[in-house]
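Reading through the structure tokens given below for one structure.
Just the heavy atoms: all of them, side chains too, but no hydrogens, waters or symmetry mates, feed the values below. For this chain, numbers begin at 1 and follow the sequence in order.
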Amino acid sequence: MSTLNLDSISPTETVEIENGLSLVPRLRLNITVYPSSQVVSKPIDEWKMKQTLIDFLKNSLSDPVTVPEEDLKIRRVRDLKKRKRDDPVASGTIFIRDLGFLRKTSRKGEEDEEKSVEEVEKKFSDWRRYIVEKMDGIELNLEGVKFKLNVAVPESDDFKAMKKGWEEFYAFGNRGFSRSGKQETDTIILRGVPSRWFAEPRVSSKPSMLVTHTIFSTFGKIRNLNVAEDDDPGKDANDDDGDLVSGLHCKIVVQFEKHKDFYNTFKAFCGRSLHKEGSKLKADYEVAWDKDGFFRNLRNQTQEDSSRARETTTYPRQQQHYSRFSSDEAPRKRFKVRN
């Protein structure tokens with residue numbers, strides 16, 4: 001495997017980082033299912049809905065797409081009596097992970113690498129738009145009952161949209177936290193990553209500051225780092241799910257010394273899933289940039305609570321780990337990108 005600068009990473013490449021972790025490319029689509037008529041007598045059949053969508057992706061596109069059943073999540077509304085007239089009857093997510101056909105781009109030499117990456121980015125963008133246009137608004141017939149499908153790429157998976165968001169925020173919001181004249185975001189937020197992948201092996205299942213710092217210093221020099229258990233199921237969770245186990249996931253907030261390192265890190269995590277060597281699981285986290293000054297607020301909160309008892313006794317399950325790392329403590333690491 002060759003080392004590659006993140007500046008030239010394409011959306012179809014796998015990024016290998018530390019601790020056997022890698023970022024695997026995929027396309028994520030959010031789906032919402034509405035009834036074509038106002039009268040719905042029973043909840044939809046999740047399995048039949050999955051099979052209908054799988055068949056559509058395989059047989060109705062110019063480039064057939066194969067999606068395993070486990071990569072298609074459907075969450076139906078079980079109690080239709082609580083549903084309002086304009087509410088959907090189901091929602092879900094489709095993950096398309098086999099993107100190999102998009103990498104079929106000729107490469108004549110190293111001097112053409114940058115151009116090839118641009119070609120792949122355009123091909124991926126055009127294909128993603130084609131998939132959405134092809135699926136959005138289609139009508140599905142399940143046992144004689146018709147449903148309308150709405151499909152969209154989540155904003156957090158659209159790097160250009162996210163980049164435009166933070167540029168407009170700092171250009172017009174005048175809410176930057178940089179000491180220099182130019183205000184730029186430098187903090188990335190990850191939610192829903194497996195705690196054990198950031199823990200010290202054979203020591204604890206809880207995320208470790210040291211391990212997390214080692215992993216993220218792959219991308220650049222870290223100014224501040226925060227790790228905490230994340231028991232919030234998120235906006236996409238099903239209200240009927242009762243199997244959420246505390247401590248399985250964590251929330252990671254990383255502030256980099258340089259905006260460029262934040263930029264490259266965000267681009268690497270956007271549109272990818274986290275995978276651990278030897279594991280069958282692919283963690284589909286949520287990625288965001290910090291709009292609210294997380295570490296500034298955390299410092300203020302710490303000062304306000306300085307006269308109280310230790311925070312761990314007040315919030316035993318939501319323990320906050322806060323630490324500052326100097327630039328000299330974390331040498332910049334090299335990482336690998338796999339085609």
Are the side chain of [X] and the backbone N or O of [Y] linked by a donor-acceptor pair below 3.5 Å?
X: Ser217; Y: Thr214; value: yes
X: Lys276; Y: Asn19; value: yes
X: Asn30; Y: Val151; value: no

Quick one: ring pair (Phe, Tyr, Trp, His ring centres under 6.0 Å) partners of [X], sequence neighbours excluded?
X: Phe95; answer: none
X: Trp127; answer: Phe101
X: Phe262; answer: Trp166, His259, Phe266
X: Phe198; answer: none

Sub-4.5 Å side-chain heavy-atom contact between [X] and [Y]:
X: Asp45; Y: Leu142; answer: no
X: His275; Y: Leu23; answer: no
X: Ile31; Y: Leu53; answer: yes
X: Ile252; Y: Ile189; answer: no
X: Val15; Y: Arg272; answer: yes
X: Glu18; Y: Phe216; answer: no
X: Met135; Y: Phe56; answer: yes
X: Ser208; Y: Glu200; answer: yes

For [Y], is there an ion pair with [X] - N to carboxylate O distance below 4.0 angstrom?
X: Glu118; Y: Lys122; result: no
X: Asp157; Y: Arg28; result: no
X: Lys58; Y: Asp55; result: no

For the pair Glu121 and Lys267, evaluate salt bridge (charged side-chain N to carboxylate O under 4.0 Å, His left out) and give the outcome as yes or no after the intermediate values.
-> CA-CA 12 Å; Glu121 287 181 342; Lys267 188 174 183 180; 3.3 Å; yes

Name all residues meeting the side chain to side chain donor-acceptor pair (under 3.5 Å) criterion together with Arg97; count only those two or more places apart in sequence or in a different chain, and write none if there are none.
->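 Listed in chain order: Asp71, Ser273, Asp284.
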
Test log, rule salt bridge (charged side-chain N to carboxylate O under 4.0 Å, His left out), inputs Glu167 and Lys163 = CA-CA 6 Å; Glu167 288 177 343; Lys163 178 175 178 287; 2.7 Å; yes

On a heavy-atom basis, which atom in [X] and which in [Y] lie closest, and how many Å separate them?
X: Phe147; Y: Pro35; value: CD2-CA, 3.8 Å
X: Ile188; Y: Phe256; value: CG2-CE1, 4.0 Å
X: Pro11; Y: Leu99; value: O-CD1, 4.5 Å
X: Tyr130; Y: Leu61; value: OH-CA, 3.5 Å

With sequence neighbours excluded, give me every side-chain hydrogen bond (donor to acceptor under 3.5 Å, both in side chains) pair touching residues 132-148.
->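 Listed by first then second residue: Ser36-Glu139, Lys48-Glu143.
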
Do the ring centers of Phe159 and Phe269 come within less than 6.0 Å of each other?
->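 Ring centres of Phe269 and Phe159 not closer than 6.0 Å.
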
Between CG of Leu149 and CD1 of Ile138, what distance do you get to the nearest 0.5 Å?
->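 Answer rounded to 0.5 Å: 5.0 Å.
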
